[in-house]
Amino acid sequence: MSRYDPASIEPKWQAAWEDAQTFKASREGDKPKYYVLEMFPYPSGRIHIGHVRNYTMGDVIARYKLATGHNVLHPMGFDAFGMPAENAAMASGGHPKDWTYNNIDTMVGQMKPLGFGLDWSRMFATCDVEYYGQQQALFLDFLEKGLVYRKNAMVNWDPVDMTVLANEQVIDGCGWRSGAPVERKELTQWFFKISDMSGELLDALDTLENWPAKVKTMQANWIGRSRGLQFAFSTIDAPDGFDRIEVYTTRPDTLMGASFVGISPDHPLAKQLEKDNAELAAFAAECRKMGTTEEEMEKAEKKGFDTGLRVRHPFDTAWELPVYVANFILMDYGTGAIFGCPGHDQRDHDFATKYGLPIVDTFMPVEGEHDIQAEPFVPAKTEKVRFTRLVAGAEIQTGEEAIDATIDFCEANGVGQGVTKFRLRDWGLSRQRYWGCPIPVVHCDTCGVVPEKKENLPIQLPYDEAGKPIDFSIPGNPLDRHPTWRDCACPSCGKPAQRETDTMDTFVDSSWYFARFTAPRAGTPTDMADADYWMNVDQYIGGIEHAILHLLYSRFFARGMIETGHLPQKCAEPFNALFTQGMVTHAIYKTTGADGRPVYHYPEEVELRDGKGFLKDGTEVTIVPSAKMSKSKNNVVDPMHIIATYGADTARWFVLSDSPPERDVEWTASGAEAASKHLARVFRIASEIAASDVAPTKEDDALLRETHKAIHDVTMGVESFGFNASIAKLYAFTNALHKSRAGTEAKTFAAKTLAQLMSPMTPHLSEELWQLLGGEGLIANAPWPVADEAMLVEDSVTLPIQVNGKRRGELTVPKDLPKYEVEKLVLAHEAVVKALDGGQPKKLIVVPGRIVNVVV
RNA sequence: GCCCGCGUGGUGGAAUGGUAGACACAGGAGACUUAAAAUCUCCAGACCGAAAGGUCGUACCGGUUCGAGUCCGGUCGCGGGUACCA
């Protein structure tokens, strides 16, 4: 008897699928369509175990849908622009383009042996000229529709390298290469007007029934709709043009507890005052040294600077408040100015305490008092409170009621107006980098900023500069310093002009690739007939780390593409169902380098002893447990040795077993061998059945029931993304088949069914078994088995008997035994008799088919 | 800081508010073998007990319920996101 030999069977069946074009997406026939998509990978160099997990999940769905009679689209591509390619070029020479395409070749070479049912003919990379050229066309259409505009925005600036830094490149406030303290700098940049769609993007979340609730919550919080009051404080002796300071507040009911006005360091008034106040200028400069991330702003110590300027309270002109410039106020949100109410806000309380400002309450608990000087009183807005300094509404009301009443009162008295604001900011897409899609606009001295003509697209990235491949050892954007690339004719007046040298954020690339897959070679961004057939994506699968940005940007882009005629109306929400798989995590091992910066070590370099890690030279490493696998942290696990040792089916089986798909898993390699043993066991069991000849026995029926139960359970698991549950059932079914003494016919049926149920997970082995057991054609094309409901029902059930919620015995009764009969049997049960000790039960709960509880 | 998750045996994990620990890994005992590998059978949360059986037990504290891993409130720890990592 032959042994399970994945090395020989896997290439054989991959060739068979290739010959039969099994996974080529086709619009033919009248089958329903199914589009399954996994978030495409960044070509970091090698696939890692997280990729294997992600694509195996998608492949299970794709193969299952094929077997249940669908036209399936299951494509693959690469999110190929981005910083790592430039970083690699800086670190070790070479060119981002060569680095990227080499990586793609390697990764495709690693993915193909895994036997994914992908339509490889549709593959593309976002750095392909064909792709980014179409993206430029989309940009021009968006521009024409007013979905893109220019404004100033802050970037991280490295004053030594004279270059813009990504947030990731700022470490403890310093540039990652130069080590110099980073500054904020203002640049004119392109923005997508995503904020125009805030309300729509928020409201439409409710229609996404098959999205995880947590993702919808995260997006809703991110968009952040709030209702508040916008009004102005009038200033006293302020510079010209600043007789009013507009503020926005979501808690107007605390207006009578105001103790100061705060403005952002980037507020026009702050900038004006700075001119004549060196101390303030120094404070503002200090604020601008802070990074641009929200996290840094929030975590930084709250600091303010008293401008000396004062404003009048809108309800009492004799009441004057000081104006502070404060480092925690964002110019981007609201009006860039607030009033502080220390009595009912922790941050304002800290601020007031620090600068000796008054702390006044506007409401107290309904019962009792709260020491407002010691800590702020911040109840939920839905809680009733007793107002001590009331603007409008009842004395005792909830915060919500008070807010509404105050807004109405203010509007009626001309103090301000109720407005709805969103936290969501416009999407800045300009990047001062080489390896991205060039923004197709031209700067002309005469005509200003002019869109490039569509017939001049694609605007290609230059490979060479001055006859040599671009040198990335020099900091800064190579497009900026390229001797000729910028030169062009103005599309409007024809005079010499210069190209924009900024490229697009790589999130743009990934915001429409799913649409491009429906017609990847089309001469326009999409082909409407293909998009109409294949869209939407029926099942999208990817990491939870993309819950907000990528998915929100894609939702915006889909709407923009409808507006510009590139997608049909039905695509506003392009992903019908979303599944967020957990990440594969692995410890990070780091030491500190001579320059004080962290040095990351590969798992292979680290020896673990007593929970501590050491390098070969004995240096102890710091272990950061369970972190997201990241190339820059060197904690990526390479699955290729598992594939080489045990084969693709083992790797696929292994990544699906044991862990629920949505949960993070800490990677350990110990289970791979066990998975391999199990597959070999299945092969052995099937081979024995194929070689046997046993007449029908009285155990045939039991095995048949087991088989139908397995069909039911495994199918349920696949349908609900419970792949680990499906696999547990497959283990149990394999054990049942192994132990069964049924005849050959029943066993053959069971084994063929087992092969089918396993086929989405272990497709090569399943094809082999199918052939061995006399199945017709490819198992990939065989119709998915259907469970016979009649075979699933049991005749009797075993009920656990609880006494006061603790299990004290069990009772086996016919399935349909009436409740009162069950009660009689329970009361006669030994354990119950003992517990009652002659008395009567206080209560008797019978949950039919599940449990019995006696309360004594 | 803020938003969103997660926390169950030695390990990965299972469990529509209804027998906690399915299925598997590692471990132990045995069979087969000259031996090993492979394979097969069985055991296995902790504690007490010879056993029958009992007590405890799902990060921690409290609540709702006949009944809580599951629902509610709070605490701690870990992870993701935080708008230029992708």
Side-chain angles (χ1 to χ4, degrees), chain A residues 39 41-42 44 79 81-84 87 153 155-156 164-170 189 194 212-215 217-222 224 292-300 302 328 332 346-347 423-433 505-507 509-510 543-550 552-553 580 582-583 585 625-628 630-632 657-660 662-666 668 670-671 673-675 677-678 680-681 684 722 724-725 727-732 735 738 798-810 841-845 847 850-855:
Chain A
M39 291 179 185
Y42 179 79
S44 56
D79 188 13
F81 275 135
M83 291 205 314
N87 294 343
V155 294
N156 299 304
V164 176
L165 298 177
N167 287 332
E168 192 193 47
Q169 296 173 318
V170 180
Q189 309 198 60
I194 189 171
K214 65 178 169 184
V215 174
T217 311
M218 280 191 258
Q219 292 217 355
N221 290 336
W222 184 259
T292 56
T293 69
E294 185 184 297
E295 184 190 2
E296 237 182 308
M297 303 280 271
E298 281 286 331
K299 274 181 155 171
K302 308 296 176 284
F328 57 86
D332 283 323
Q346 184 66 52
R347 189 175 58 188
R423 204 183 79 98
L424 180 64
R425 316 202 291 253
D426 276 334
W427 170 14
L429 69 118
S430 298
R431 297 290 181 272
Q432 295 70 40
R433 298 180 208 294
D505 177 10
T506 56
F507 273 122
D509 310 337
S510 55
I544 187 67
E545 67 270 28
H546 293 294
I548 297 175
L549 295 181
H550 162 63
L552 189 63
Y553 291 158
T580 51
M583 284 173 298
T585 60
S626 295
K628 174 171 104 163
S630 163
K631 196 167 186 285
S632 60
S657 62
D658 288 356
S659 298
E662 68 278 9
R663 201 184 295 184
D664 288 353
V665 285
E666 174 78 14
T668 56
S670 57
E673 189 174 342
K677 277 186 191 174
H678 176 72
R681 182 168 185 247
R684 202 162 50 241
N724 57 324
I727 284 187
K729 300 292 180 195
L730 287 166
Y731 269 110
N735 289 338
H738 176 67
T798 300
L799 298 174
I801 296 175
Q802 292 182 336
V803 176
N804 290 339
K806 287 193 187 277
R807 185 180 175 278
R808 285 291 182 265
E810 60 182 36
K842 207 165 156 190
K843 204 167 177 182
L844 184 57
I845 296 145
V847 184
R850 302 236 49 130
I851 201 162
V852 178
N853 193 8
V854 186
V855 185

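Atoms considered below: every heavy atom in the structure, side chains included; atoms not considered: hydrogens, waters and symmetry mates. Letters A, B, ... are given to chains in the order of the sequence lines, protein chains preceding strands, and every chain is numbered from 1. Bear in mind the structure is a predicted one, so any value in this text is a computation, not a measurement.
- For A:K842, no side-chain nitrogen or oxygen approaches OP1 or OP2 of B:rG67 to under 4.0 Å.
- Between the C1' atoms of B:rG27 and B:rG81, the separation comes to 40 Å (whole Å).
- Nucleotide B:rU70 has no partner under the Watson-Crick or G-U criteria, as no pair reaches both atom distances under 3.5 Å.
- Look at B:rC84: it lacks any Watson-Crick or wobble partner with both distances under 3.5 angstrom.
- Residue A:R681 places at least one side-chain N or O closer than 4.0 Å to OP1 or OP2 of B:rC40.
- For B:rG9, the base adopts the syn conformation, since its glycosidic angle falls within 90 degrees of zero.
- A sub-4.0 Å separation between OP1 or OP2 of B:rA24 and a side-chain N or O of A:N735 is present.
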- Message: Please determine whether side chain to side chain contact (heavy atoms under 4.5 Å, CB included) holds for the pair A:L799 and A:V847, giving the CA-CA distance in whole Å, both sets of side-chain angles, and the decisive distance to 0.1 Å.
- Response: CA-CA 9 Å; A:L799 298 174; A:V847 184; over 6 Å; no
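- Partner assigned to B:rA20 is none, using Watson-Crick or G-U wobble distances below 3.5 angstrom.
- Contact check, A:N167 against B:rA83: a side-chain N or O comes under 4.0 Å of OP1 or OP2.
- No N or O donor and acceptor, one from the side chain of A:E673 and one from the base of B:rC25, sit under 3.5 Å apart.
- For A:N221, no side-chain nitrogen or oxygen approaches OP1 or OP2 of B:rC2 to under 4.0 Å.
- At a threshold of 4.0 Å, the pair A:K214-A:E662 does not count as salt-bridged, since none of the basic side-chain nitrogens sits closer than that to a carboxylate oxygen.
- A:M297 and A:K302 get closest at one heavy-atom pair: O-NZ, 4.5 Å.
- The shortest distance between the side-chain N/O atoms of A:R663 and the OP1/OP2 oxygens of B:rC6 is not below 4.0 Å.
- The base of B:rC84 lies close enough to the side chain of A:Q189 for a donor and an acceptor atom to sit less than 3.5 Å apart.
- Judged purely by distance below 3.5 Å, without hydrogens or angles, the side chains of A:R807 and A:N853 never pair a donor atom with an acceptor atom.
- Whole-Å rounding puts the A:I845 CD1 to B:rG67 P distance at 8 Å.
- Computed from coordinates, the A:M83 CE to B:rC85 C1' distance equals 6 Å when rounded to whole Å.
- One can find a donor-acceptor pair under 3.5 Å joining the base of B:rG1 and the side-chain atoms of A:E294.
- A donor-acceptor contact under 3.5 angstrom links the side chains of A:T292 and A:N167, judged on distance only.
- Of the side-chain N and O atoms in A:K214, none sit less than 4.0 angstrom from OP1 or OP2 of B:rC4.
- We find that CZ of A:R808 is positioned 15 Å from P of B:rG67, with the value rounded to whole Å.
- Applying the 4.0 Å criterion to OP1 and OP2 of B:rA86, one finds that A:T506 has a side-chain N or O inside that range.
- Residue A:K302 is the one, among A:K302 and A:N853, whose nearest nucleotide of RNA chain B lies closer to the 5' end (criterion: closest heavy atom).
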